[in-house]
Amino acid sequence: MSLLMGFQPAFASSETELLKQQLQEMSRTMEALKLKIDALEQEDQKDKEEVKYLGKRLDKAELHTATDKVSLGLELRAKADSIHYNGMLSAPSSLVSGFFTPAASGGFNGATLNQIQQGMQNMAMAGMIPPLDENDVDNDIIYTNKFHLDMKAKVNSNLSFAGRLAAYKVWGDSSGVKFNQGSLGDVTMDGNTSSLPHGDTIRMERAYFMYRQDINDIPVSFSLGRRPSTNGPPMEYADYDMVGGSPLATIINWQFDGASLSFGLEDALDIPGAAFKFCYGVGFEGDWGNSYSIQESQSDVEDVHMFGFIATLFDNDSFSAVFNYAHAWDITDGFTGLTVMPFVVSKSDQNGDGTNEYYFAQNSGGYISRMQPSTEIGDWDAASLLLRKNLYEETEKDIDLFLAASWSHTDPSRISANPFYEMMGMGLLSSNGDLESRNGYSIYAGALFPMPFDGRLGLEYNWGSQYWFNFTGAEDSLVGSKLATRGSVYEGYYIQPVFGRNFFVKLGGRFYDYQYTGSGNPLGEPKKISRANSFDGLFPIVDEVWDVYASATMRF
């Protein structure tokens, strides 16, 4: 018994030690569990913060998507031209001075219309019209900057917007007004303000919305606004760009406002690329801001309305055929705009005999004149068929070919009431009061060949007949629209990409060989240049022009 009692303290001590170890183990387990719980709480807080951060990011993205729907694109071209006019013809000062000499002293100033026209006829019959002066005019170097800001927005799958702001200026000039040499391109007006150099002002070249909807599986789109009516096919080859406008550039390269209604017929007709578009536009607003609209003594000049259609007959990316027809009602003898006239002609009955006299004043100060039409002179029709073909399109040796054949028809209705044109008896492609309908024709052909280092060599040729007339006064040229030329134009150019279409340089040259007067101008009968007299040269007559150019273009 005593032996048993002797072992009890030792046993109790061992049991106590075991309990201590168990408590320590439980403490360590609780501490680890506490640390794990703290870690989980910290991780949960981090997750909450990340969720909150991501939420803010998503809210910003949604806000950006909701408020910033417009994508922008920029294009800047710097260009240098060297322009040389060979054999420019103009009336000699001995003839021109007669218009500023009083009628009582043998001149035309203060004479009636009949007296002026009879005097010119007598001079022609007596062989007294002096020969034209001939001289060469050179602009060895002229630099320009052309800037485009393109805008696109897609509201949803049905509704979209497109627009372009433009500025085009000559280095060292921001006046925006040219000296008038007898061309429509010499007048700063609605049809060309963004397409020819007109100072450093940023202008709205185009802005329109488009609504799309499928009707019986036919895609239909309606568009309204300032139209994409410049730089249409096939100008994209020389521009090294996508197609820039809707109308074929062979008959219309002109800014205007209007509407279109398009039908995608590819699936319905089972013809690749088949489409049909109706087009409507206003080329001139007759009442707004014109003096005759508030003068009872002078009749209003009607608006100029244009209508046409564009039919894509076939387009499978290798070959395409497009036909374009246009009609314009009530073409006027000019368009409202600004220019510097070499002299000013007016008429009034200053002697009170009931017949107007004509008065001439030199614009020796270079004062800017606000021009406005005075007469509706007739209607115009035009049609063009453009064929394009890409050879070896799946290889690096692809060749692009195009050919366009065009026709124009003018139906004159009246002689212009503008004092200068009335004095010359001018109407729509008519002179001396002879109002006849005229048909004109044009051919435009080109080929582009692949060159080393992804370069492209382009060769183009176009020809226009005596009575050829189109609305291409917004064509980007410092000389004049080559596609309006009554005669021939030869052009060659080399395009070298540096960073693809985002940055490239272009070298080229054009030779204009005019055969008839007044290319691009609807007023007056075109005269064979070799037969023109000094009365035809009151505005300069251009015979031959060389234009050698180099440009660098950046776009993104």
Side-chain angles (χ1 to χ4, degrees), residues 210 217-221 223 227-254 260-281 306-327 380-395 397-409 439-450 456 458-465 468 470-472 475 481-484 489 491:
M210 181 173 291
D217 296 326
I218 295 178
V220 179
S221 61
S223 180
R227 310 304 305 152
S229 54
T230 56
N231 299 327
M235 302 298 285
E236 70 274 12
Y237 295 111
D239 292 338
Y240 197 52
D241 199 1
M242 307 299 289
V243 174
S246 296
L248 297 185
T250 46
I251 59 174
I252 294 178
N253 195 340
W254 190 271
S260 69
L261 180 64
S262 305
F263 301 88
L265 303 175
E266 183 172 13
D267 295 334
L269 300 179
D270 195 24
I271 298 175
F276 193 87
K277 176 188 285 189
F278 291 105
C279 304
Y280 166 76
M306 302 182 71
F307 173 81
F309 64 82
I310 304 169
T312 302
L313 307 177
F314 186 89
D315 187 354
N316 65 355
D317 296 328
S318 174
F319 173 79
S320 67
V322 180
F323 180 76
N324 191 178
Y325 167 79
H327 176 82
W380 170 80
D381 294 271
S384 186
L385 175 64
L386 171 64
L387 306 176
R388 290 182 287 186
K389 175 64 178 176
N390 180 267
L391 304 177
Y392 317 114
E393 60 179 323
E394 297 180 357
T395 71
K397 299 181 179 180
D398 62 313
I399 298 174
D400 290 303
L401 305 173
F402 67 83
L403 173 66
S406 307
W407 158 85
S408 67
H409 177 78
N439 289 303
Y441 306 94
S442 172
I443 296 293
Y444 181 29
L448 282 92
F449 304 93
R456 299 284 279 172
L459 300 174
E460 296 186 4
Y461 168 77
N462 64 275
W463 165 85
S465 68
W468 168 244
N470 57 10
F471 278 97
T472 58
E475 182 184 310
S481 168
K482 78 171 190 175
L483 293 182
V489 180
E491 182 172 14

Scanning both residues in full, the closest heavy-atom pair of A274 with L269 reads CB-CD1, 4.4 Å
Hits for ring-ring contact (aromatic ring centres under 6.0 Å, His included) against H327, two or more places apart or cross-chain, chain-then-number order -> W329
To the nearest 0.5 Å, atom CD1 of I399 lies from atom CG of N390 at 9.0 Å
When rounded to the nearest 0.5 Å, the distance separating CG of L385 from CZ of F323 is 7.0 Å
Which donor-acceptor pairs under 3.5 Å do the side chains of residues 308-316 make with protein atoms, sequence neighbours left out?
residue : atom : partner : partner atom : Å
D315    : OD1  : D317    : N            : 3.1
N316    : OD1  : S318    : N            : 3.0
N316    : OD1  : F319    : N            : 2.8

Verdict with reasoning, W468 to S406, per side chain to side chain contact (heavy atoms under 4.5 Å, CB included): CA-CA 9 Å; W468 168 244; S406 307; 3.5 Å; yes
Scanning both residues in full, the closest heavy-atom pair of S223 with M210 reads CB-CE, 4.2 Å
Hey, is the main chain of W463 close enough, under 3.5 Å, to the side chain of S442 for a donor-acceptor pair?
yes
Applying side-chain contact (heavy atoms from CB on, under 4.5 Å) to L403 and not counting sequence neighbours gives I443, A445
| task | Show the numbers, then the answer: is there a side chain to side chain contact (heavy atoms under 4.5 Å, CB included) between D217 and D267? | result | CA-CA 8 Å; D217 296 326; D267 295 334; over 6 Å; no
Below 3.5 Å, can you tabulate the donor-acceptor pairs from side chains in residues 228-242 to any protein atom, sequence neighbours excluded?
residue : atom : partner : partner atom : Å
S229    : OG   : W254    : O            : 2.6
T230    : OG1  : E205    : OE2          : 2.9
T230    : OG1  : R206    : NH2          : 3.1
E236    : OE2  : R388    : NH1          : 2.4

Residues at least two apart in sequence or cross-chain that pass side-chain contact (heavy atoms from CB on, under 4.5 Å) with A484, listed by chain then number, are N470, T472, S481
May I ask you to test the F402-L387 pair for a side-chain heavy-atom distance under 4.5 Å?
no
Inset, instruction - Applying ring pair (Phe, Tyr, Trp, His ring centres under 6.0 Å), run through Y461 and Y444 and close with a yes or a no. - result: CA-CA 6 Å; Y461 168 77; Y444 181 29; 9.2 Å; no
Q.
Check this for me, if you would: do D400 and K389 make a salt bridge, where the nitrogen-to-carboxylate-oxygen distance has to be below 4.0 angstrom?
A. no
With L483 as partner, the option from N253, N462, L248 fulfilling side chain to side chain contact (heavy atoms under 4.5 Å, CB included) is N462
_For the residue pair S246 / R227, report whether a side-chain donor-acceptor contact shorter than 3.5 Å exists._
no
* Going through the distances and angles, do F471 and W380 end up as a ring pair (Phe, Tyr, Trp, His ring centres under 6.0 Å)? -> CA-CA 10 Å; F471 278 97; W380 170 80; 4.9 Å; yes
When every non-hydrogen atom of G264 is compared with those of I218, the smallest separation belongs to O-CG2, 3.4 Å
Salt bridge (charged side-chain N to carboxylate O under 4.0 Å, His left out) filter on E460, not counting sequence neighbours, yields K482
Practice problem: Answer yes or no: is there a side-chain heavy-atom contact under 4.5 Å between I251 and Y325? | Solution: no
Q. Is a side-chain N or O of S465 found less than 3.5 angstrom from the main chain of Y441, in a donor-acceptor match?
A. yes
inquiry  = For H409 and W407, take the angle between the two ring planes, folded into 0 to 90°, and tell me which bin it lands in: parallel under 30, tilted 30 to 60, perpendicular over 60.
reply    = parallel
